[in-house]
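Let me begin by presenting the structure, written as structure tokens, before commenting on it.
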Amino acid sequence: MKLPETLAFANGGALGAATRLADYVSAGWTKPQARAMREILWPDRPTHAKIAAELGISRQAVDQNLSSAGASAILDALYLIEEADTQGK
């Protein structure tokens, strides 16, 4: 099976699987969800209040957009990948 070109940088394994899944999930995001996710994925992870101020929306709207976008699952997956990488797995 040939993978879509959007995933040409993924080399397989757990990281490749997570990349493929994130690509699929993110394809269904609305623009507000994508904007909120763009902000929450920074390494220093800003608070929802800071994201709200940056985007000019309420903190509640940020909460709703992140929840609807599946942010907690994506952030959990990224954390697990980073942990495995630092442990040499």
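Numbers here simply count residues along the sequence, with the first being 1.
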| task | Can you tell me which residue pairs pass the side-chain hydrogen bond (donor to acceptor under 3.5 Å, both in side chains) test with a partner in residues 51-62, sequence neighbours excluded? | result | Arg59-Asp63

| message | Applying salt bridge (charged side-chain N to carboxylate O under 4.0 Å, His left out), can you list everything that pairs with Arg38, at least two apart in sequence or on another chain? | response | none

| Between Trp29 (side chain) and Ala69 (backbone), is there a donor-acceptor pair under 3.5 Å? | yes

| field | Under the salt bridge (charged side-chain N to carboxylate O under 4.0 Å, His left out) test, residues paired with Asp76 that sit two or more places apart | value | none

| said: Apply the hydrophobic cluster definition, ILVMFWY joined by side-chain contacts under 4.5 Å directly or through others, and give me every member besides Trp42. | reply: none

| Pairing residues for Ala22 by the side-chain contact (heavy atoms from CB on, under 4.5 Å) criterion, not counting sequence neighbours | none

| request: First locate atom CG of Leu15, then atom CD of Glu82, and finally report the distance between them rounded to the nearest 0.5 Å. | output: 10.5 Å

| message | Once side-chain contact (heavy atoms from CB on, under 4.5 Å) is applied, do any residues pair with Ser67, and if so which ones, sequence neighbours excluded? | response | none

| message | I'd like to know whether Ile57 forms a side-chain contact (heavy atoms from CB on, under 4.5 Å) with Arg35, so could you lay out the CA-CA distance, the side-chain angles of the two residues, the decisive distance to 0.1 Å, and finally the verdict. | response | CA-CA 11 Å; Ile57 60 177; Arg35 288 182 189 117; over 6 Å; no

| task | For Leu80, check side-chain contact (heavy atoms from CB on, under 4.5 Å) against everything at least two apart and list the hits. | result | none

| Between Ile51 and Pro46, which heavy-atom pair has the shortest distance, and what is it? | CG1-CG, 3.8 Å

| note | Distance col, row Lys31:NZ vs Asn65:CG, nearest 0.5 angstrom, shows 14.0 Å

| query | Under the 3.5 angstrom rule, does the side chain of Asp23 hit a backbone N or O of Thr19 as a donor-acceptor pair? | reply | no

| message | How close do Ala18 and Ile81 get, counting heavy atoms only, and between which atoms? | response | CB-CD1, 3.5 Å

| About how many Å separate CG of Leu55 and NE2 of His48, when rounded to the nearest 0.5 Å? | 11.5 Å

| message | Using 0.5 Å steps for rounding, measure from the CD atom of Glu39 to the OG1 atom of Thr47. | response | 11.0 Å

| Distance (rounded to the nearest 0.5 Å) between Leu78 CG and Ile40 CD1 | 11.5 Å

